[in-house]
Amino acid sequence: MSKELEREAAEIEEQVYALAGETFNLASPKQLGEILFGKLALDPKAKKTKSGQYATGEEVLSKLAGEHEIVRLILSHRQLVKLKSTYVDALPELIAQDTGRIHTTYNQFVTATGRLSSTNPNLQNIPIRTERGREIRKAFVPRDADHVILAADYSQIELRIMASFAEDTSMIEAFKEGQDIHAATAAKIFQVPLEEVESDMRRKAKTANFGIIYGISAFGLAERLSIPRGEAKAIIETYFQQFPTVKAYMDRVIEEAREQEFVSTLLGRKRYLRDINSRNFTMRGFAERNAINTPIQGSAADMIKIAMIKVHRWMEAEGLRSKMILQVHDELVFDAHKEEVELLKQEIPRLMEEAMELKVPLVVEVGTGENWLEAH
DNA sequence: AATTTCACG
DNA sequence: ACGTACGTGAAATTA
């Protein structure tokens, strides 16, 4: 794959230089910015970063993709180089001599919310979103032919936690009925029957749901959806009108944070928010979004940790040969002995679903395969 | 060492 | 008018 990516990247690089009319270091955002916004003048209103050079990140380039062929080429070059340098070339170097396997280190004391983080290598950001990326994920395979990869992941865990915290009856009802939560949200905010929800409405509702968890702003939603700010504002207003207890919950969390200068997760982890009463709008806004997001993200982290302990204790008690090998925030991955697969597929979802009791049902999806990609 | 970009949930 | 979605880590360039 390294050779293949190298060759493709080099080909694209040549095309970029031809279109630019000169060679430069394509890996240098600074030089690239000068070409795109200086020489080619692709955007008279090009934004600069805080260090004064032109911003050339993915969001900037995607908006320009229609303007000039060179932009599309740069984006695909970036993708290939990223996959090659961060994964394809780096991971084989990290195979331990004694085990012949890659071993990550999980950090328990890094994140502000209580999640784990993973380093050297980071195995919590293995590609999956693009076709080229998925090829990399296929390289993660079981120890031998007697094993398979088993992956179990919580479905919509953060939205369920929010619905439970907010005690929102209609959202809880949607989860109880096993509905497609983004479609159900779309029906509410666009005020149409569930059967009449179109894909574009669902897409907008999905983005709105994520936005809610992150502490939404009309500006942010408008950016993500490429719609006018007024339309985004209307979506948010209708959202809170349709889910009034969600709005009340958000207000309550921020109010509590102001009084205590911290927020807490379900199991009592605290995050101090010293800027929550700041007179500086930007700093206070940041703290308010943290106040909304941290209890949700952090409680999901609490939950999967409980699940990991329960699953590990159960596996130990049963004397199983299978091993829990990875945690990726809402997912557990196992190197599963084929003779134990049926038992694991029954018990792991149950143990994960019973890690905590919320006001919504918890759902865990489980799959197996010859590699990590197939197990999803 | 800081900055920029981009991979994931 | 401001300045804007949450949490991470790694690689390459720049200072």
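Protein chains get the first letters and strands the later ones, always in sequence-line order, with residue 1 at the start of each.
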Interatomic distance where CG belongs to A/L5 and C1' belongs to C/dA11 [whole Å]: 15 Å

Whole-angstrom distance between C/dG3 and B/dA7, as gauged at atom C1': 27 Å

Selection from B/dC8, C/dA10, C/dT14 that lies nearest to any side-chain heavy atom of A/I128: B/dC8

Between C/dC6 (P) and A/Q297 (CD): distance, integer Å: 11 Å

Ionic contact status for A/K63 with A/E223, cut-off 4.0 Å: yes

Atom-to-atom span, NZ of A/K84 to P of C/dA12 - whole angstrom: 9 Å

From C/dA12, C/dG9, C/dG7, nucleotide with atom closest to A/H329 side chain: C/dG7

Check: A/R7/A/S2 side-chain N/O donor and acceptor closer than 3.5 Å: no

Spacing of A/E223 atom CD relative to C/dC6 atom P, expressed in whole Å: 13 Å

Atom-to-atom span, CD1 of A/I236 to C1' of C/dA5 - whole angstrom: 10 Å

Any side-chain donor near an acceptor of the partner, A/T105 and A/N120, under 3.5 Å: no

Sugar-phosphate, base or nothing in reach of A/N122, heavy atoms under 4.0 Å: sugar-phosphate

Result of checking A/K3, A/H77, A/K84, A/R132 against A/E8 for side chain to side chain donor-acceptor pair (under 3.5 Å): A/R132

Protein-nucleotide distance (A/L32, atom CG; C/dA12, atom C1'), rounded to Å: 14 Å

Pairing pattern in dot-bracket form [Watson-Crick, G-U; both distances under 3.5 Å; | = partner strand] for DNA chain C: .....|||||||||.

Touch class at under 4.0 angstrom, heavy-atom based, for A/T105 against every strand present: nothing

Candidate nucleotides B/dA7, C/dA5, B/dT5, ranked by approach to the side chain of A/Q79 - the nearest: B/dA7

Between A/H182 and A/N209, a side-chain donor and acceptor under 3.5 Å: yes

Ion pair A/E34/A/K48, N-O distance below 4.0 Å: no

Cationic N near anionic O, under 4.0 Å, A/K138 to A/E374: no

Minimum-distance nucleotide (side-chain atoms of A/T86 versus C/dA11, C/dG9, C/dA5): C/dA11

Residue list, side chain to side chain donor-acceptor pair (under 3.5 Å) with A/R202, at least two apart or on another chain: A/D180

A/S117 side chain, from C-beta outward: closest of B/dG9, C/dG9, C/dT4: C/dG9

Whole-angstrom distance between C/dC2 and B/dC6, as gauged at atom C1': 29 Å

Donor-acceptor side-chain pairing of A/Q242 and A/T238 below 3.5 angstrom: no

Distance, rounded to the nearest Å, where A/W372 contributes CH2 and B/dG9 contributes P: 8 Å

Touch class at under 4.0 angstrom, heavy-atom based, for A/I216 against every strand present: base

Sugar-phosphate only, base, or nothing, as touched by A/A55 at under 4.0 Å among non-hydrogen atoms: sugar-phosphate

Side chain of A/K30 - closest among C/dT14, C/dA5, B/dG9: C/dT14

Contact list for DNA chain B against residues 270-295 of chain A - heavy-atom distance below 4.0 Å: none

Spacing between A/L225 atom CG and C/dT4 atom C1', to the nearest angstrom: 15 Å

Sugar-phosphate, base or nothing in reach of A/V81, heavy atoms under 4.0 Å: nothing

Presence of salt bridge, A/E237 and A/K233, under 4.0 angstrom: yes

Touch class at under 4.0 angstrom, heavy-atom based, for A/A90 against every strand present: sugar-phosphate

Donor-acceptor pair present, A/R129 side chain and B/dA7 base, under 3.5 Å: no

Aromatic plane relationship, A/F24 with A/Y17 - under 30° parallel, 30 to 60° tilted, over 60° perpendicular: perpendicular

Touch class at under 4.0 angstrom, heavy-atom based, for A/S217 against every strand present: base

Listed nucleotide nearest any side-chain atom of A/Y214, set C/dC6, C/dG9, C/dT14: C/dC6

Candidates C/dT14, B/dC8, C/dT8 - which lies nearest the side chain of A/Q31: C/dT14

Residue A/Y87, side-chain heavy atoms: nucleotide from C/dT8, B/dC6, B/dA7 that is nearest: B/dA7

Nucleotide nearest A/P127 (side chain, heavy atoms from C-beta), chosen from C/dT4, B/dC8, C/dT8: B/dC8

